[in-house]
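Order of the sequence lines sets the chain letters (A, B, ...), proteins ahead of strands, with each chain counted from 1. Bear in mind the structure is a predicted one, so any value in this text is a computation, not a measurement.
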Amino acid sequence: MVNSFRRSLVLGLPASLALLPFAAAAQSPLRIEITEGVIEPMPFAAPTFVADTPEAAQMAAQITQVVTADLTGSGLFREIPAAAHIGRISNFDAPIRFSDWSAINAQALVTGAVRQSGDRIAVRFRLWDVFAQAPLGEGLQFEGTTTAWRRLGHKVADAVYARLTGESGYFDSRVAYIAASGPKAQRRKQLAIMDYDGANAVTLTDGNALVLTPRLSPSARQILYTSYEKGAPMIFLIEANGRRRQVLTDVQGMTFAPRFSQDESRVVFSLATGAGANIFVADLSGRRRSQLTDTSSIDTSPCFSPDGGQIVFESDRAGTQQLYVMGSTGGSAKRISFGEGRYATPVWSPRGDRIAFTKIVGGRFHIGVMSPDGSNEKLLTASYIDEGPTWAPNGRVLMFFRETPGEQGGPQIYSVDITGRNLRQVPTAGFASDPSWSGLLA
Amino acid sequence: MKFHTGGLLALSILVAACSGRGDVTVPTGTGFSGTDGTIGVEGMGGGYGAGGVGSSTLPGTQISDRVLFTVDQSSLSAEAIGTLNQQISWLSQNPGAPILIEGHADERGTGEYNMALGASRASAVRNYMVSQGIPDQRISIITYGRERPVATCPSESCWAQNRRAVTVVTGGAGS
């Protein structure tokens, strides 16, 4: 019976990591194995969560929708719609009639209940293995305010995702990006932040100054970005709630391409003074700075490894843009990209196992991934401009932006699994580019 | 089955995230402030209106204000040198005018690389001008990367126009 529940969903794990879900599967009969290969999404049912009080009915329905959208959006799960349900969950604590759910081939069942008291809500949920007729893990409860209702849904979905894949989730997270409007030659750009699914989007700058490449800290509390508001492009640091904007790097020359270290104590960035650009590291006050590269070529787009010990960056020192890795205090750099074309914007996965990048070859832009030593290169996308990958908190999904050509062409943000599957546009009100994904929220 | 409280969401985070701009500690207006309207829009050099879209000659002349570059390069062609020599001649006759060199790139490269490439192109023009006797302190440089194209068709005829460095007279022309 256990075997019949096995699913080999694919996110693209190396064999060594794939062992972990196998080991866990011995205790947990229902498990999606995120391994290389082609996959059928696991069917699940999530009947509308029970409202413990009449006033909670709307919240219960909305939260259920968020949970369902998160799970189906991952591409790993397929919702069996309510219209097909035989069973109903009207009492969260009543015994489950598993035959009602196995009859519609729901392999996993998510039940929940929502309680509302003033501006406080609490969500309880349980995950069931329908064919084993058993719970998967303990029930969990999340509490918050009514304004946080979407986050409660994301928390439930993250827990379900984690139990069914053995991987941490990525739904309760935020993304900083550039919201853009107007024709290409006069494009207005604003710093913005949204939930990972495009909800709760707010702009943080007024659009009077050109802003570029926001970088959200892993905790989602701060954003680094490049702004022209003082004339020359300069790196700014702003709280993610829009407060306390300050210049990070008040130096002679133009600064851009900032990124946080995983522990948010340091920033790497590029400084252009004359010919070329070099890489610097600074603390968050911007005062303690040191120069890591010293060339007349273009060294830019630096990114720390998750342990903070190394930096991957791009340089045209060998003639064209290629990827290099050096220690986080500088020193000699080792080239890791050797394929045809130009490689740019390397970003280290938060789990350390891959580097995502932009590749330009044959007049097309691609998003790709490779191992940190440059092996196992794989291109995931292709278009006129596909650029700027950023990692989901669990290192299994990327966002990037795709720009269409021409005067009225513009960018939109997309997500894609590291297998190249499940390409989806992230809904935004207008043009959107340069996504930067946080870690899971606390 | 027990219930565990898996996470208490902090009210403050979400409320704060929904608010707009708050206190701002950045001094403004200290950047390049143009007098001719091509830069320094709204007095802040906010990066809009840049690129010499409106005019393509130095003030009151037929001298081109821009030089073009080949793909990924910031070296000056013979044609570019010829244009710069004319600009330098005009600058020598108008010694009071500070200038800003804007470096630009086409959209066929990544954004951050193009920022550096634009800076290199502007720098190449500045270095040549300085080598020909224009005082270094008279020249500012800025990069716009690929952010301010003058032509937007998706072909080389447009990209070639965007790979440019534009000389913008930012102060009184002197004559």
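Only the side chain of B:Arg126 has a heavy atom closer than 4.5 Å to any heavy atom of chain A. For B:Ser123, the part lying near chain A is the side chain, with the backbone staying farther off; criterion is any non-hydrogen pair under 4.5 Å. B:Ala119 touches chain A through backbone and side chain together, each having a heavy atom under 4.5 Å away. For A:Ser296, no part lies near chain B; criterion is any non-hydrogen pair under 4.5 Å. For A:Thr345, the part sitting under 4.5 Å from any heavy atom of chain B is the side chain, from C-beta outward, and nothing else. Proximity to chain A (any heavy atom under 4.5 Å) is shown, for B:Ser74, by neither the backbone nor the side chain. For A:Phe401, the part lying near chain B is the side chain, with the backbone staying farther off; criterion is any non-hydrogen pair under 4.5 Å.
With rounding to the nearest 0.5 Å, the separation of CG in A:Leu212 from CZ in B:Arg146 is 9.0 Å. Here the CG atom belonging to A:Asp316 is positioned 8.5 Å from the CG atom belonging to B:Leu117, to the nearest 0.5 angstrom. Summarising the geometry, atom CZ belonging to A:Phe313 is positioned 14.0 Å from atom CD belonging to B:Glu112; distances are rounded to the nearest 0.5 Å. Interatomic distance, A:Tyr343 OH to B:Thr110 OG1, rounded to the nearest 0.5 Å: 13.5 Å. Taking CG of A:Leu210 as the reference point, atom CD of B:Glu147 lies at 5.0 Å (rounded to 0.5 Å). The OH atom of B:Tyr113 sits 9.0 Å away from the CD1 atom of A:Ile360 when rounded to the nearest 0.5 Å.
The choice from A:Gln408, A:Glu407, A:Met234 that makes the most heavy-atom pairs within less than 4.5 Å of chain B is A:Glu407. For the options A:Ala272, A:Gly363, A:Gly406, heavy-atom pairs under 4.5 Å to chain B are most numerous at A:Gly406. The greatest number of non-hydrogen atom pairs below 4.5 Å with chain A, out of B:Cys153, B:Gly109, B:Ser155, B:Cys158, is found for B:Gly109.
B:Ile142 and A:Ala232 get closest at one heavy-atom pair: CD1-CA, 3.8 Å. Residue A:Ala277 comes nearest to B:Ala116 through the heavy atom pair CB-CB, 3.8 Å, listed as atom of the first residue, atom of the second, then distance.
Panel note: side chain A:Glu387, backbone B:Gly111; a donor-acceptor pair is recorded below 3.5 Å. Not one N or O on the side chain of A:Arg187 forms a donor-acceptor pair closer than 3.5 Å with the backbone of B:Arg148.
Open room surrounds CD on B:Glu79; 12 or fewer heavy atoms of other groups in view lie less than 6.0 Å from it.
Side-chain contact check for A:Ile298 versus B:Ser120: some heavy-atom pair is nearer than 4.5 Å.
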Walk me through whether A:Met254 and B:Ile141 qualify under side chain to side chain contact (heavy atoms under 4.5 Å, CB included). CA-CA 9 Å; A:Met254 292 165 273; B:Ile141 63 170; 3.9 Å; yes
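Judged by the 6.0 Å and 45° rule, B:Arg108 forms a cation-pi pair with A:Tyr384.
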